[in-house]
Amino acid sequence: MTSRAEYCVIACAEAWRGDGEVLASPMGPIPSFGARLAKRTFSPDLLLTDGEAMLVGLDGTVEGWLPYRRHLTMVTGGRRHVMMGASQIDRYGNQNISCIGDWERPSRQLLGVRGAPVNTLNNPVSYWVPRHSPRVFVERVDMVSGVGYDRAEAAGPSASRFHRLPRVVSDLGVFDFTGPGHSMRLVSVHPGVTVEQVRAATGFELATGEEVPYTREPTAEELRLIREVIDPKGLRDREVRG
């Protein structure tokens, strides 16, 4: 039986389908497992790193040096697809990882803006949310870290030219931004989840089609790779419990 965490791995892997030779930058265990699964199966040209300074192969063997300046060149040149986390995300894909509450007197300090603005304006950015709730999927983020479609378009061609948010994956389903005005749309729900559950856990109105399919089933080979090669210790089930 396929677990909820394994559906999430599959959904994250699908974010890199068709990307070609770009640097996959997954943040978090399940996005990392997804990137490695994609490279082992349908996206063999993906580039993986050790998270610091080296390009690595599927077995972790060092294949090349990736100094910070070269990494930045890939970012600003659009040759990277990062999957970031989001403490908050709104209907247009504006993401917050900086603070909760008013910026002048926040109730909680988070990571800070980090590289989110440069990421979102220069290379494809997807998002991973392991706990889907109205506290994360909000009507309006408290502070914009990653730039959404509405703000990129309002800023003009210099901001919107390379701006692209392919996917949001949560523990409940998969989303894109093909709703009205580039708003968030529910693409699929993971088996065992209903559309009503997703709507109840979302702090804004989601666009949906007439029918919302289930997230695709993994193949037998994909399940074997996840369970025996990529994550034999079962770390995926610590991030998303069934």
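Predicted model, so just to flag it, every value in this text is computed and none were measured.
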* To do: List the steps, then state whether side chain to side chain contact (heavy atoms under 4.5 Å, CB included) holds for Thr61 with Val56.
  => CA-CA 5 Å; Thr61 302; Val56 298; over 6 Å; no
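- Interatomic distance, Glu196 CD to Thr194 OG1, rounded to the nearest 0.5 Å: 5.0 Å.
- Glu217 has its side chain within reach of Pro191: a pair of non-hydrogen atoms, C-beta onward, lies under 4.5 Å apart.
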Donor-acceptor pairs under 3.5 angstrom involving side-chain atoms of residues 94-101: please list them, not counting sequence neighbours.
unit_1: Asn94; atom_1: OD1; unit_2: Gly148; atom_2: N; d: 2.7
unit_1: Asn94; atom_1: ND2; unit_2: Asp90; atom_2: OD1; d: 3.4
unit_1: Asn94; atom_1: ND2; unit_2: Asp90; atom_2: OD2; d: 3.0
unit_1: Asn94; atom_1: ND2; unit_2: Asp150; atom_2: OD1; d: 2.8
unit_1: Gln95; atom_1: OE1; unit_2: Gly146; atom_2: N; d: 2.8
unit_1: Gln95; atom_1: NE2; unit_2: Gly85; atom_2: O; d: 2.8
unit_1: Asn96; atom_1: OD1; unit_2: Ser98; atom_2: N; d: 2.8
unit_1: Asn96; atom_1: OD1; unit_2: Cys99; atom_2: N; d: 3.4
unit_1: Asn96; atom_1: ND2; unit_2: Gln88; atom_2: OE1; d: 2.9
unit_1: Asn96; atom_1: ND2; unit_2: Cys99; atom_2: O; d: 2.7

* Asked: Please walk me through it: do Glu205 and Arg199 pass salt bridge (charged side-chain N to carboxylate O under 4.0 Å, His left out)?
  -> CA-CA 7 Å; Glu205 187 176 350; Arg199 285 178 173 154; over 6 Å; no
* Please step through side chain to side chain donor-acceptor pair (under 3.5 Å) for the pair Ser25 and His81, ending with a clear verdict. => CA-CA 6 Å; Ser25 293; His81 182 171; over 6 Å; no
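- With hydrogens and angles left out, the side-chain atoms of Thr202 and His132 include a donor and acceptor closer than 3.5 Å.
- With no hydrogens or angles considered, no side-chain donor-acceptor pair links Thr120 and His163 at under 3.5 Å.
- We find the OG-CD distance between Ser43 and Glu14 to be 8.0 Å, quoted to the nearest 0.5 Å.
- Residues Ala201 and Phe137 approach most closely at O-CB, 4.4 Å, considering heavy atoms.
- Side-chain atoms of Val240 and Ile30, non-hydrogen and from C-beta on, do get closer than 4.5 Å to each other.
- The two residues Arg80 and Pro124 have their closest heavy-atom pair at O-CD, 3.1 Å.
- With no hydrogens or angles considered, no side-chain donor-acceptor pair links Ser183 and Arg91 at under 3.5 Å.
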* Could you walk me through whether Arg40 and Val229 pass the side chain to side chain contact (heavy atoms under 4.5 Å, CB included) check? -> CA-CA 10 Å; Arg40 284 183 178 273; Val229 179; 3.6 Å; yes
* Worked verdict on Asp237 versus Ser3 for side chain to side chain contact (heavy atoms under 4.5 Å, CB included) -> CA-CA 8 Å; Asp237 294 317; Ser3 70; 3.7 Å; yes
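- Under a cut-off of 6.0 angstrom, the local environment of CD in Glu21 is sparse, with at most 12 non-hydrogen atoms contributed by other residues, nucleotides or ligands.
- Put simply, Val189 and Phe177 are part of the same group of oily side chains (I, L, V, M, F, W, Y) that touch within less than 4.5 Å, one to the next.
- Placement of Leu225 and Leu58 in two distinct hydrophobic clusters is found when ILVMFWY residues are connected by side-chain heavy-atom separations under 4.5 Å, directly or transitively.
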* To do: Start with the C-alpha gap between Trp128 and Glu239, add the side-chain angles, then the distance that decides, and say whether side chain to side chain contact (heavy atoms under 4.5 Å, CB included) holds.
  => CA-CA 11 Å; Trp128 160 243; Glu239 192 169 19; 2.9 Å; yes
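- Within 6.0 Å of CZ in Arg216 there are more than 12 heavy atoms belonging to other residues, nucleotides or ligands.
- A 4.5 Å side-chain heavy-atom check between Asp171 and Val129 finds every atom pair outside the cut-off.
- How far CD1 of Ile230 is from OG of Ser32: 10.5 Å, rounded to the nearest 0.5 Å.
- Interatomic distance, Arg36 CZ to Thr41 OG1, rounded to the nearest 0.5 Å: 12.5 Å.
- Counting heavy atoms from C-beta outward, Asp102 and Pro106 have side chains that stay 4.5 Å or more apart.
- For the atom pair Asp142 CG and Trp103 CH2, the distance stands at 13.5 Å (nearest 0.5 Å).
- Taking both residues in full, the closest heavy atoms of Ala207 and Pro180 are given as CB-CD, 4.0 Å, listed atom of the first, atom of the second, then distance.
- In the hydrophobic cluster analysis, where Ile, Leu, Val, Met, Phe, Trp and Tyr join through side-chain heavy atoms closer than 4.5 angstrom, Val141 is grouped apart from Phe204.
- Here the shortest heavy-atom pairing between Pro166 and Asp176 reads O-CB, 3.7 Å.
- Residues Val198 and Leu206 form a side-chain contact, since some pair of their non-hydrogen atoms from C-beta on lies under 4.5 Å apart.
- A parallel orientation is assigned to the rings of His190 and Tyr7, their planes being inclined by less than 30° (bins at 30° and 60°).
- Two residues are said to be in side-chain contact when any heavy atoms from C-beta on lie closer than 4.5 Å; Leu223 and Thr2 meet this criterion.
- Each of Val136 and Met83 belongs to its own hydrophobic cluster when Ile, Leu, Val, Met, Phe, Trp and Tyr are linked at side-chain heavy-atom distances under 4.5 angstrom.
- For the pair Phe175 and Ser170, the tightest heavy-atom approach, listed with the atom from each and the gap, is CE1-OG, 3.7 Å.
- In this structure, Arg224 places its CZ atom where more than 12 heavy-atom neighbours from other residues, nucleotides or ligands lie under 6.0 Å away.
- Looking at Arg4, Arg227, Arg241 one by one, the single match for side chain to side chain contact (heavy atoms under 4.5 Å, CB included) with Arg236 turns out to be Arg227.
- Here the CZ atom belonging to Arg164 is positioned 14.0 Å from the CG atom belonging to Leu121, to the nearest 0.5 angstrom.
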* Please assess His182 against Tyr92 for the test ring-ring contact (aromatic ring centres under 6.0 Å, His included), listing each intermediate value before the final yes or no. => CA-CA 6 Å; His182 281 301; Tyr92 297 109; 9.0 Å; no
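- Cluster annotation: Val169 and Ile89 are assigned to distinct hydrophobic clusters (Ile/Leu/Val/Met/Phe/Trp/Tyr, side-chain heavy-atom contacts under 4.5 Å, transitive).
- Nearest heavy-atom pair across Ala35 and Pro26 is CB-CG, 3.9 Å.
- Sparse packing is recorded around OH of Tyr214, with 12 or fewer heavy atoms of other residues, nucleotides or ligands lying under 6.0 Å away.
- A 4.5 Å side-chain heavy-atom check between Glu6 and Pro218 finds every atom pair outside the cut-off.
- The shortest side-chain heavy-atom distance between Asn123 and Val82 falls under the 4.5 Å cut-off.
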